[in-house]
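In what follows, a single structure is set out as structure tokens and then discussed.
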Amino acid sequence: MQVSQFDLSAFEEEAQEKWTHAFESNPSRLEKFYINVAFPYPSGAMHVGHGRTYIVPDVVARFWRMKGRQVLFPMAFHVTGAPVVGISKRIAAGDEKTIRLYRDLYRVPGNVLEGFTEPLTIVKHFAAEYQRVMTACGLSIDWRRRFITVDPTYSRFIEWQWKHLYEAGHVIKGAHPVRYCTVDDNPVGDHDLLEGDKAEVIKFTLVMFRYGDAFIPCATLRPETIHGVTNLWANPTVTYVKILLDGKPWIVSKEAAEKLALQDHTVEITGEIKGSDLVDKKVSHPLCGEITILPAEFVDPDMASGMVMSVPAHAPFDYIALRDLQQAGKYKDIKPIPLIKVEGYGEVPAQFAVEKAGIANQMDSRMDALTQEIYSAEFSKGKLFEKYGGKPVRVARDDVALLMTEKYDSVVMYEFDVRPVVCRCGNKVKVKILHDQWFLKYSDPAWKQQVKDQLKDMALVPPEVRLEFDRTVDWLKDWACTRRVGLGTRFPWDTTQLIEPLSDSTVYMAYYTIAHRIKEIDSKLLTPEVFDYIFLGKKSDDLPEKKKLDAMREEFLYWYPYDFRFSAKDLISNHLTFQIFHHATVFEGQKNLMPKGMVVFGMGLLNGAKMSSSKGNVFLLEDAVKEFGGDTVRMFLMGSAEPWQDFDWRNELVLSTKKQIERFYNTVMEIKDATGEPHDIDRWLMSRLQLHIAKTTEALDNFQTRQALQEAYFGIETDLKWYHRRLPKDCDGSRELRELCSVWIRLLAPFIPFTGEHLWKGLAGEGLVSFAPWPKMDAQQVNEKAELSEELLARTVEDVESIKKLIQITPRAITIALAPQWKHEVFRTIAQASDKNTVIKEIMKDENMRKRGREATDAAKQITTLIHRLPPYVVGPLVRDPINEQAVFEAAKGFLEQEFGVAIHIVPAEDAGQVKALTALPFKPAIIIE
RNA sequence: GCGAGAAUAUCUAAGUGGCCAACAGAGGCGGACUCAAGAUCCGUUCCCGUAGGGGUUCGCAGGUUCGACUCCUGCUUCUCGCACCA
């Protein structure tokens, strides 16, 4: 194998071998820097989107390591929760779609796939895959600390954490309505839904109408409209059931009976009654008196109780249904009873709206929108009539609901706002009230305040996310924190339940600090007292393995708190905020152990479309590394956008990134052994290099990987091109270039560490670039004058070229005419003037200036414009310490003649003998092409 | 609907009051090298222009200012989140 050849995969192999244990990090005399990422849930193969999530922190880790910090970058795997349980079931059941995903897209070998009927096998398989691919990407992780969240030791740690949450009063027990599948006998999450994932659980009030000695309940979101009820609707084609609900006789639809049984009621079916038999019967309610049941086939037995109360004055559906009956000559004596006054909707809002829209019948597609419109208008602007209390609707609604619940037998019923809601198993999902449901009381204002205080002290990147965090804290309600299915740690106060997966991954960053050491202790010995000692320093008697515990305590104190946590932005509204809540409790009163900062990422796109495993729109990270190389993948992901912006993966763009790395490699190989004597231009090059060092460092300090690459790669490359152009023909670079290579390799090493290691070996011989010192800007080498001179020269060359292009003649000679001294003085005066309007007058007061008359005023005006156009980094130095333009051009004469292939004359403007020469200005000589 | 962001030339994208016709990269076009291709290098890439200039631009419509890509108001479109799920 030829070492001089650019062969990324060879570099990778070579570096991998040296890195095997290199990034295992232990406490040392150095100052620490601890970063971590939200750990992955390994239920499938990694795609390039995952790649960036872990490569950004790796670049940061490598940067700080080179800056001389003791860096900790650990990784673990989150395997608790329900998804893999579902996946394993589906695979066991032979579900084609799932099997295809795992067999074809993730390319799981057949014999391995067979084992996927066991959930733990899936996550263990992919955790191993993750580690393999992460390593292939060059992630500088301390793998000794790896764990998975069902390790017994980890479970002991979770139990300890929860003990503190519980003792602080943050863990409470309650009842909770959930989506529930009666076939699976389990709550149903979003991803388990076939249909209706947007459906919300709505709390309805059942208005209880008396029918003989039984109740007929009608569900409503608008209990205040009870005063306007003119009738009930029953579906004559439906068979209703008579039930005993908590011992009381009710009449509801069959579906409703099943639903109510799931919502804290005992339900016993005692008989049936046809809908048609209910029609024309009388019912009554204390707030609306006696009314009649009317027939309506639009009544859906699967919606709430299956019976509907009719308020034709305010509900368009009711209004039309009644109108239709009346047009058929029936129930002519029923009149809509308005009860809400709302601006702009006439006396009877439903009638007004229906007639205005010209709606002919119930089937009109605009009915839903119309209903919504009236509902919103009445809620926001409506007021009840004086005889009903005169309150705004938004107040009256709650008042009436409360009154009904307290005095008129109303109960609550939960139902979805959108239907159908269908489980993956095909069954209709219902709402069930779960008891023995435990919550984390994120609603607690005192706890929220602790989090807000902490957020104020945290560094958030990018700063715009701060507002989103603040809003999230305000908005968080109690979080159901126990589950009945899935993998996880048993809930200590009810061991039939598990701790919910988001709730068990909130302080594990502390666990990383001791993860490799705690493996040596039998998990049975890990009582809460042990963790109290390790993390909180609380001493107690009979602690086991005291020596080991002391070492852990020491290591924890060395690393903690973490400096930065990295995660994608979709976790702001849960995980990233939860972890602050939990830290606030577990480490209460220990400000010095609270998280210091967070960096939030954007999302990934593939060829402009969202990456999605289920849609097959993914590019596996491993394939990317194989096809393009680890360094290429890294550099592309870091360079195409800043971490918090969304990025788009396109293979054709990645390919050109690979060429760039190769170009870098070849350039370094060409110039690293140059031995020539330094020229003036070398001073310029080394001066520019200092600027790139400073800017790259600043960018990486701020996590701007793209900006850093711009400086470290393209900035230096562009300078080198100019350098080579400026070099005399017979010269191919000075020995200064070796230093430049050394700096350049190190600046790029965090991004392309494989190529970096290879080149570093060739240059420095010993040691790893991963631990080489980060380049420091050397102020001694900054040469303002050299930079200014080159700027002048480059601008002049540019001007000559643009003139040449326009006039399209073959020049015979080029004259560069330099501005006279007095113009330089004018330049200085104007540049320093505070008032640009009066400065020209000031200048013209001068005796010598006045002598020049018109020429001086014109020059002053042109110079004013010029100063506006020049960047401050030119004007400033020019004022402080002007350059000798004559000398600059004389020194570059050879270069200019070589560039343009003609004789170059450099003369003072006065001596040029040409009108054009008089337009010469400071930093902008007149150019005369002949 | 609610909350948080975003909109710049063919694409990615820098740019928070005058350094801006707008950094950089990619792509396109032209040229050099080459038998040729690739790589590399040079030029060009809003419109006009035989002298370094002028014109029209930064989602749309207004406003503030001597001056706006940059600040304010309204609108449109897109992304993320809206939970018991990782």
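Per chain, numbering begins at 1; letters A, B, ... match sequence-line order. Nothing here was measured: the structure is a model prediction, and the numbers come from that model.
Nucleotide U34(B) forms no Watson-Crick or G-U wobble pair with any nucleotide shown, as no partner meets the under 3.5 Å limit on both distances. Across all strands shown, A4(B) is found opposite U79(B) as a Watson-Crick or G-U wobble partner, with both distances under 3.5 Å. Across all strands shown, A13(B) remains unpaired; no Watson-Crick or G-U wobble contact has both distances below 3.5 Å. When both pairing distances are held under 3.5 Å, G18(B) makes a Watson-Crick or G-U pair with C66(B).
Within 4.0 Å of P925(A), counting heavy atoms only, lies at least one base atom of the nucleic acid. Within the nucleic acid shown, H575(A) has no heavy atom closer than 4.0 Å to any nucleic acid atom. At the heavy-atom level, A926(A) lies under 4.0 Å from base atoms of the strands shown. Within the 4.0 angstrom heavy-atom criterion, base atoms lie near L502(A). Within the nucleic acid shown, I927(A) comes within 4.0 Å of at least one base atom, counting heavy atoms only. When heavy atoms are screened at a 4.0 angstrom cut-off, K721(A) is found touching the sugar-phosphate backbone but no base atom. The residue L870(A) sits close only to the backbone: its heavy atoms come under 4.0 Å of sugar-phosphate atoms, none of a base. Using a 4.0 Å heavy-atom criterion, one finds that Q645(A) contacts the sugar-phosphate atoms exclusively.
Computed from coordinates, the I928(A) CD1 to U50(B) C1' distance equals 17 Å when rounded to whole Å. Atom pair F6(A):CZ and G38(B):C1' shows a separation of 15 Å (rounding to whole Å applied). Taking atom CZ of F601(A) as the reference point, atom P of G5(B) lies 20 Å away to the nearest angstrom. Taking atom CH2 on W644(A) and atom P on G81(B), their separation rounds to 20 Å, with Å as the unit. Distance, Q660(A) CD to A26(B) C1': 8 Å, rounded to whole Å. Separating the OH atom of Y873(A) from the P atom of C23(B) is a distance of 12 Å, rounded to the nearest angstrom. Rounded to whole Å, atom C1' of G52(B) lies 5 Å from atom NZ of K924(A). Whole-Å rounding puts the I661(A) CD1 to A26(B) P distance at 13 Å.
Annotation: A26(B) and G43(B) have their P atoms spaced 14 Å apart (nearest Å). Atom P of G15(B) sits at a distance of 28 Å from the matching atom of U77(B), rounded to the whole Å. With both ends at atom C1', the span from C75(B) to A6(B) equals 16 Å, rounded to whole Å. Spacing between G62(B) and G53(B) at atom P, rounded to whole Å, works out to 31 Å. Annotation: U56(B) and C48(B) have their P atoms spaced 15 Å apart (nearest Å). The gap from the P atom of C42(B) to that of G25(B) amounts to 11 Å, rounded to the nearest Å. When the P atom is used for both U45(B) and A24(B), the distance is 13 Å, rounded to whole Å. Using P as the reference atom, A83(B) and G3(B) are 15 Å apart when rounded to the nearest Å.
The environment of E930(A) atom CD is dense: over 12 non-hydrogen atoms of other residues, nucleotides or ligands sit within 6.0 angstrom.
When the nearest nucleotides of RNA chain B are assigned to Q710(A) and V800(A) by heavy-atom distance, the more 5′-ward of the two goes with Q710(A). Nearer the 5' end of RNA chain B, as judged by each residue's closest nucleotide, is the contact made by E464(A), out of S640(A) and E464(A).
Relative ring orientation between W438(A) and F491(A) is described as tilted, the plane-to-plane angle lying within the 30° to 60° band. Ring geometry, H582(A) versus F578(A): the interplanar angle falls under 30°, so the pair is classed parallel (tilted spans 30 to 60°). Using bins of under 30°, 30° to 60° and over 60° for the plane-to-plane angle, the ring pair F581(A)/W447(A) lands in the perpendicular bin. The aromatic rings of F439(A) and H176(A) lie perpendicular to each other, with more than 60° between the two planes, well past the 30° mark.
Phosphate contact (OP1/OP2 of U40(B), side-chain N/O of R663(A), threshold under 4.0 Å): present. The side chain of K659(A) places an N or O atom within less than 4.0 Å of a non-bridging phosphate oxygen (OP1 or OP2) of A39(B). Contact check, R471(A) against A4(B): a side-chain N or O comes under 4.0 Å of OP1 or OP2. Close to U44(B), at under 4.0 Å from its OP1 or OP2, lies a side-chain N or O of K805(A).
Residue P501(A) places its side chain closer to A86(B) than to any other of A86(B), A51(B), A26(B). Counting only heavy atoms from C-beta on, L467(A) has its side chain closest to G5(B) among A14(B), G5(B), A86(B). The listed nucleotides are A24(B), G52(B), A13(B); the one nearest the side chain of A641(A) is A13(B). Each of G54(B), A83(B), A13(B) was ranked by its minimum atom distance to the side chain of W475(A); first place goes to A83(B). Side-chain proximity of L571(A) to A26(B), A86(B), G81(B): nearest is A86(B).
Remark: the D646(A) side chain and the A6(B) base include no donor-acceptor N/O pair separated by less than 3.5 Å.
Side-chain contact check for W644(A) and D646(A): no donor-acceptor pair (N or O, by modelled atom type) lies under 3.5 Å.
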D504(A) vs T80(A), test: side-chain hydrogen bond (donor to acceptor under 3.5 Å, both in side chains). Steps then yes/no. CA-CA 8 Å; D504(A) 78 3; T80(A) 43; 2.8 Å; yes

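A salt bridge between K569(A) and E468(A) is absent, with no side-chain N of the basic residue lying under 4.0 Å from a carboxylate O of the acidic one.
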